[in-house]
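This one's a predicted model, so the numbers in the text were calculated from it and none came from an experiment.
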Amino acid sequence: MSGFRGLAGMHRCLGFACCVVLAACGPAPSKLQATPAPNASPSPTNTVSATGTNLGIKSEALRGIAIEVWYPWFGVEASLFGSQVQEFNQTNPWGIKVVSTGQNNYTQLYDNVTDAFPTADRPHLVVALPEDALAWESAGYVVDLADYVSDPEYGLSDAEANDIPNIFWTQDVVGGKRLGIPAERSAQLLVYNKTWGRDLGFELAPQSATEFRAQACRSHLEMLTDADKTNDGQGGWLIDTGWMTSLSWLTAFGGGILEGSGYRFLTPKNLAALTFVKQLYDDGCSWTAQAGADPATAFAERKALFATARVEQLSDFARAMASANNADEWTVQSFPGPAQPGLVIYGSSYFVLKSTQEKQLASWLFVRWLLSAENQKKWVEATGLFPLRSSSLSLLGDYQKSHTQWSAAVTLLPVGQIQPQLASWRQVRVMLGDGFDAMYRSNTPAGRVAEILAIMDSTSSDLSR
């Protein structure tokens with residue numbers, strides 16, 4: 001009975017989490033009615049004008065145009081973005097003036113942008129998560145940027161477009177429309193101690209789920225048999241229950257969460273993935289840290305052979321290794337499975353909101369400038385995220401040499417997959433992480449994880465209505 005009570009508790013937890021998400025993720029749908037935006041411009045024709053542009057806007061019409069961009073960043077990102085806005089204002093040849101306004105986080109940005117749609121005070125350009133923008137697009141507020149990207153005067157050349165990795169470039173193409181342009185991209189990675197692995201008798205990082213289990217369990221056995229009794233519950237994989245980790249494991253086992261135009265969690269491959277990771281825990285080969293514990297510190301202190309980190313967190317692990325005086329060689333990899341590598345690419349994008357033709361073009365030109373290889377170099381050096389232009393790598397030689405784990409992460413991009421392209425994903429991704437976490441907190445036996453997936457099916461169906 002205790003197992004059923006735990007599972008029922010998880011169901012209540014998921015229901016509670018989803019209520020919180022629905023309350024926090026934005027206003028009621030009535031605020032996003034599909035009505036034309038005031039002053040919205042008609043779609044441009046495909047006839048090339050005398051100016052050499054398909055958009056029919058002369059560069060003189062951009063003189064003195066002012067646009068407002070809202071962004072969710074703080075700290076280093078906000079500071080760098082502010083300096084880039086200032087540089088663009090001082091150097092762009094059209095005399096465009098950009099005003100930037102911070103919104104503290106993505107949830108506040110979504111709420112404030114949504115609230116601003118019926119007013120004259122909405123921004124012209126926003127940095128938002130793709131799933132958030134899909135809700136705005138369904139109401140008719142997001143500009144299709146396909147014609148801007150391909151415009152002979154104002155767009156990107158074929159070489160420039162091909163310079164953006166496809167895994168970044170395709171995320172915002174939905175229903176034949178280009179709704180956004182990548183602003184930031186990250187991924188959740190496995191962090192692996194190569195030196196400790198060799199000490200345990202493994203010359204190579206695990207390339208399959210079977211090899212991952214063997215190394216995780218061997219490191220746990222070492223903890224059990226040493227003289228220190230305080231570490232008997234450690235070794236192996238330090239569990240992370242975020243949605244990116246959850247989805248990466250499902251993907252590694254050949255599973256996924258989409259079926260047709262909706263979600264489906266209870267599938268044989270997803271069941272195999274959850275059974276694998278929970279059995280790993282049941283056998284002591286993975287463990288959970290106390291709330292507030294720092295995974296980077298635990299990894300640096302050799303309490304875990306494997307941990308997880310987002311790309312931008314790799315510098316935290318490097319500092320932790322230095323603080324612990326740990327000279328072990330370490331690297332990053334995708335999540336290993338029996339089917340394929342699991343790696344989910346995620347991040348925000350630039351979205352132009354409907355206003356006037358001139359302001360829409362001015363917004364696009366600012367985004368195009370931000371995508372330059374030189375600006376991407378600065379963004380990588382400040383944030384540690386993926387570069388959005390392949391050509392930026394040639395400018396980042398010194399950075400690559402001093403950030404070898406980051407360089408290893410970049411080489412994994414060809415196996416990456418994009419996140420679901422559904423507006424409901426903004427709630428469902430939170431539910432996925434909550435369900436994965438509840439599986440451990442309720443200590444659901446590995447043989448009963450199908451019930452977890454069934455609850456996810458039911459909950460995602462409710463969230464998608």
Q: Enumerate the residue pairs fulfilling disulfide bond (SG atoms under 2.5 Å apart) with a member in residues 258-320, sequence neighbours excluded, ordered by first and then second residue.
A: Cys217-Cys285
Would you name the heavy atoms of [X] and [Y] that are closest together and state the gap between them?
X      : Y      : result
Ala409 : Leu314 : CB-CD1, 4.5 Å
Leu109 : Pro72  : CD1-N, 3.8 Å
Trp425 : Pro420 : CE2-CD, 3.6 Å
Ala309 : Val191 : CB-CG2, 3.8 Å
Asp172 : Ser349 : OD2-OG, 2.6 Å
Val277 : Ser286 : O-OG, 4.3 Å

Would you call [X] and [Y] a side-chain contact if the rule is heavy atoms closer than 4.5 Å?
X      : Y      : result
Leu238 : Phe299 : no
Leu463 : Met431 : yes
Val69  : Thr101 : no

Calculate, to the nearest 0.5 Å, the distance between atoms [atom1] and [atom2] belonging to [X] and [Y] respectively.
X      : Y      : atom1 : atom2 : result
Leu413 : Phe168 : CG    : CZ    : 4.5 Å
Arg218 : Phe202 : CZ    : CZ    : 4.0 Å
Ile455 : Ser460 : CD1   : OG    : 11.5 Å
Trp70  : His124 : CH2   : NE2   : 10.5 Å
Asn193 : Lys303 : CG    : NZ    : 14.5 Å
Phe351 : Ser363 : CZ    : OG    : 13.5 Å

Using a distance-only test with no angle check, is there a side-chain donor-acceptor pair under 3.5 angstrom linking [X] and [Y]?
X      : Y      : result
Tyr399 : Ser407 : no
Tyr106 : Ser348 : yes
Ser248 : Gln188 : no
Thr267 : Asn270 : yes
Gln400 : Trp406 : no
Gln421 : Glu131 : no
Thr444 : Glu451 : no
Asp111 : Thr114 : no

Is the closest basic N to carboxylate O distance between [X] and [Y] below 4.0 Å?
X      : Y      : value
Lys378 : Glu374 : no
Lys177 : Glu137 : yes
Asp328 : Arg302 : yes

Determine whether a donor-acceptor pair (N or O, by modelled atom type, separation under 3.5 Å) exists between the side chain of [X] and the backbone of [Y].
X      : Y      : value
Gln171 : Trp169 : no
Glu211 : Gln207 : yes
Gln376 : Pro387 : no
Arg122 : Thr119 : yes
Gln108 : Gln103 : yes
Ser138 : Ala135 : yes
Ser390 : Asp163 : yes
His220 : Gln234 : yes
Ser100 : Gly82  : no
Gln340 : Thr251 : yes

Pair [X] + [Y]: ring centers closer than 6.0 Å:
X      : Y      : result
Tyr281 : Trp237 : no
Trp369 : Trp364 : no
Trp249 : Phe212 : yes

Q: Start with the C-alpha distance between Arg368 and Glu160, add both sets of side-chain angles, then the distance that settles salt bridge (Lys or Arg N to Asp or Glu O under 4.0 Å), and finish with yes or no.
A: CA-CA 10 Å; Arg368 190 188 71 174; Glu160 289 172 326; over 6 Å; no
Q) Can you say whether the rings of Tyr440 and Phe436 are parallel (under 30°), tilted (30 to 60°) or perpendicular (over 60°)? A) perpendicular
Q: Give me the one residue out of Leu343, Asp240, Thr245, Thr308 that meets side chain to side chain contact (heavy atoms under 4.5 Å, CB included) with Leu190.
A: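 Only match with Leu190 under side chain to side chain contact (heavy atoms under 4.5 Å, CB included): Thr308.
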Could you list the donor-acceptor pairs under 3.5 angstrom formed between side-chain atoms of residues 73-80 and any protein atom two or more places apart in sequence or on another chain?
{"from": "Trp73", "atom 1": "NE1", "to": "Glu184", "atom 2": "OE1", "distance (Å)": "3.2"}

Q) Taking it one step at a time, do Ser461 and Arg465 satisfy side chain to side chain contact (heavy atoms under 4.5 Å, CB included)? A) CA-CA 7 Å; Ser461 178; Arg465 292 174 182 171; 4.1 Å; yes
Q: Might you work through the side chain to side chain donor-acceptor pair (under 3.5 Å) test for Ser424 and Tyr263, ending with a clear yes or no?
A: CA-CA 10 Å; Ser424 57; Tyr263 301 96; 2.8 Å; yes
Q. Between Leu179 and Leu145, does a side chain to side chain contact (heavy atoms under 4.5 Å, CB included) hold up when you go through it step by step?
A. CA-CA 6 Å; Leu179 303 180; Leu145 294 174; over 6 Å; no
Q) Is Arg389 close enough and on-axis enough to Trp379, meaning under 6.0 Å and within 45°, for cation-pi? A)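 Verdict for Trp379: no cation-pi partner in Arg389.
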(Q) Using a 6.0 Å distance limit plus a 45 degree cone around the ring axis, check whether Arg185 lies over the aromatic ring of Tyr346. (A) no
**Q.** Partners meeting salt bridge (Lys or Arg N to Asp or Glu O under 4.0 Å) with Arg264 (sequence neighbours left out)
**A.** Glu259
Q: Decide side chain to side chain contact (heavy atoms under 4.5 Å, CB included) for Val173 and Arg178; before the verdict, give the C-alpha distance in whole Å, the side-chain angles of both, and the deciding distance to 0.1 Å.
A: CA-CA 4 Å; Val173 178; Arg178 169 158 294 287; 3.1 Å; yes
Q) Can Asn375 and Leu371 be said to form a side chain to side chain contact (heavy atoms under 4.5 Å, CB included), step by step? A) CA-CA 6 Å; Asn375 282 328; Leu371 280 177; over 6 Å; no
